[in-house]
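The structure appears right after this line, and notes come after that.
Excluded from the calculations below are hydrogen atoms, water molecules and symmetry mates; all remaining heavy atoms, backbone and side chain alike, are included.
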Amino acid sequence: MGEDATFVALHAAGAIGWYGPVTAEIGRYVEAVLAQPALGEPVNDHQRLHAALCKAIRADTSVVASWAVGAVDCAAWDLHSQLAQVPVADLLAATPQRRVSLYASWLSLDVTNGIPVAAVERVNRDGWQFTKWGLRKNPATDDRTAEAVRLAAAVRAMEAALRQEAAFDAVFTWDPEFACLFLDELDPASVRWLEDPLPQCDLGTYGALAMSIPLALGERLLLHADAAAMLRLKLQAFTLDVVACGGLTRAVDLVTAAQMLGVPVYPHGRSFVPAVHLAAAYPDAIAAVEYRLQWEPARQQRYAQPWLPARGVITVPRSPGLGATPRSC
């Protein structure tokens, strides 16, 4: 969706609620479609505001519309917490956790071309709950069986180097036939999970795959998607993106639904800040939040008060708000 550099702001009672960074396209959508419906809505009635935002986008099921609603919703939670003078986690739960566990992902590295020794040494000493690595299929390869053998060998080599089980993300580059070839080459029990192998969310195919390998889905679950059908699959991890799914207001409902079905929740790292508040409020449902090693440090530099993990844990600040106030403000 391009570079994230835009912040959404809501004003009320002399305070400002922020969420960002998001793309300029999302910012334009908020201004053109959602600014007017948000006017006059009570800042502390998140269900009512969320309903007004959803009504405004009506049948628009685009990625941008869902992200725009989520960004305004998170800015509203920030504004509410600023006025209440407590962190957002304290609005979500009576006694939230103050420390949230993280798992690290490094999807830009191609582990099929050899073990990235420096990266492995780094993550092994940094105390993450576990790690996740990219496992993209080479689109130029004609011999699909040989490619499946190569990816399975990379998984075994990476886990041997890490000395522990890891998660792997296919980043939407596989197809059902290739997934079956891969499963022929690897013991499915040897991976923590395989995430998002297919370019489209085919729940029928995913249902079959989930019976054969630990499967993680949810990053691309949008506001109008059938979350209940996804959660009924035998998932190893529900990786919802807090902003993309429609914001914290909807994410709370999704986490509750997942918990009732016994599906572990591991929020996607692109919406790291609101995901940490959500995890602090629902520690029994959320075991860890994704920390994207190649992107999150740079995103944190856009904030007035960057969050820095220590030994695989983030401490939720006690200051009021969400933690997404831009650095320049």
Side-chain angles (χ1 to χ4, degrees), residues 101-202 205-220 233-239 263-264 266 268-269 287-295 312:
S101 294
L102 308 176
Y103 78 90
S105 67
W106 208 331
L107 304 186
S108 59
L109 294 176
D110 186 355
V111 302
T112 62
N113 287 333
I115 300 301
V117 176
V120 168
E121 291 177 349
R122 174 182 169 183
V123 299
N124 274 342
R125 68 173 181 262
D126 284 349
W128 308 102
Q129 189 175 106
F130 61 91
T131 57
K132 183 176 73 178
W133 307 84
L135 200 66
R136 294 170 177 82
K137 180 177 75 67
N138 184 351
T141 299
D142 293 328
D143 190 337
R144 293 162 63 84
T145 299
E147 180 69 358
V149 170
R150 188 172 76 94
L151 265 60
V155 167
R156 288 190 288 266
M158 177 56 78
E159 294 191 325
L162 291 166
R163 300 185 299 279
Q164 64 175 323
E165 184 183 66
F168 293 89
D169 192 332
V171 202
F172 313 103
T173 61
W174 296 13
D175 55 54
E177 179 189 3
F178 185 80
C180 292
L181 291 172
F182 176 81
L183 291 175
D184 287 342
E185 302 298 331
L186 186 77
D187 177 6
S190 67
V191 298
R192 177 175 286 269
W193 73 59
L194 174 67
E195 187 169 341
D196 293 321
L198 306 181
Q200 304 297 327
C201 189
D202 180 346
T205 302
Y206 274 142
L209 283 177
M211 301 300 293
S212 302
I213 192 169
L215 188 67
L217 300 174
E219 173 184 334
R220 289 189 174 181
L233 303 179
K234 188 181 177 182
L235 295 181
Q236 182 67 25
F238 178 43
T239 57
V263 180
Y266 293 86
H268 181 228
V289 174
E290 179 184 19
Y291 187 87
R292 305 188 305 165
L293 287 166
Q294 70 272 44
W295 294 306

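Rounding to the nearest 0.5 angstrom, the gap separating the OG1 atom in Thr145 from the CG atom in Leu181 is 4.5 Å. Here the straight-line distance linking atom CH2 of Trp106 with atom CH2 of Trp128 works out to 10.5 Å at 0.5 Å rounding. Once rounded to the nearest 0.5 Å, the distance linking CG of Leu209 with CG of Leu217 reads 9.0 Å. Taken to the nearest 0.5 Å, the CZ atom of Phe168 stands 12.5 Å off from the OG atom of Ser105. Put simply, CG on Leu194 and CD1 on Ile213 are 4.5 Å apart, with the number rounded to the nearest 0.5 Å. Once rounded to the nearest 0.5 Å, the distance linking CZ of Arg144 with CZ of Phe182 reads 14.0 Å.
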Practice prompt. List the steps, then state whether side chain to side chain contact (heavy atoms under 4.5 Å, CB included) holds for Leu293 with Val123.
Written response: CA-CA 9 Å; Leu293 287 166; Val123 299; 3.7 Å; yes
Item to complete: Would you sort out whether Val120 and Met158 count as a side chain to side chain contact (heavy atoms under 4.5 Å, CB included), showing the intermediate values?
Response: CA-CA 8 Å; Val120 168; Met158 177 56 78; 3.8 Å; yes
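Checked by atom type and distance alone, the side chain of Glu219 never pairs as donor or acceptor with a backbone atom of Thr239 at under 3.5 Å. Judged by distance alone, with hydrogens and angles left aside, the side-chain atoms of Asp175 form a donor-acceptor pair with the main-chain N or O of Glu177 at under 3.5 Å. Between the side chain of Thr205 and the backbone N or O of Asp202 there is no donor-acceptor pair closer than 3.5 Å. Side chain of Trp174 to main chain of Leu135: a donor-acceptor pair is present (N/O by atom type, distance under 3.5 Å, no hydrogens or angles).
Closest approach of Cys201 to Tyr206, counting heavy atoms only: CA-CE1, 4.0 Å. For Ser108 against Gln294, the heavy-atom pair with the smallest separation is N-NE2, 3.2 Å. The heavy-atom pair separating Gly134 from Val111 by the smallest distance is O-CG2, 3.5 Å. Residues Asp169 and Val171 share a closest heavy-atom pair of OD1-N, 2.8 Å. In terms of heavy-atom proximity, Ser101 sits nearest to Ala287 at CB-O, 3.6 Å. Among all heavy-atom pairs drawn from Pro214 and Pro188, the shortest one is CD-O, 3.4 Å.
Scanning for salt bridge (charged side-chain N to carboxylate O under 4.0 Å, His left out) contacts around Asp110 gives an empty result, with sequence neighbours left out. With sequence neighbours excluded, the residues that form a salt bridge (charged side-chain N to carboxylate O under 4.0 Å, His left out) with Glu147 are Arg150.
Identified under the side-chain hydrogen bond (donor to acceptor under 3.5 Å, both in side chains) test for residues 132-143, with sequence neighbours left out: Tyr103-Lys132, Thr131-Trp133, Lys132-Glu195, Lys132-Glu290, Asn138-Thr141.
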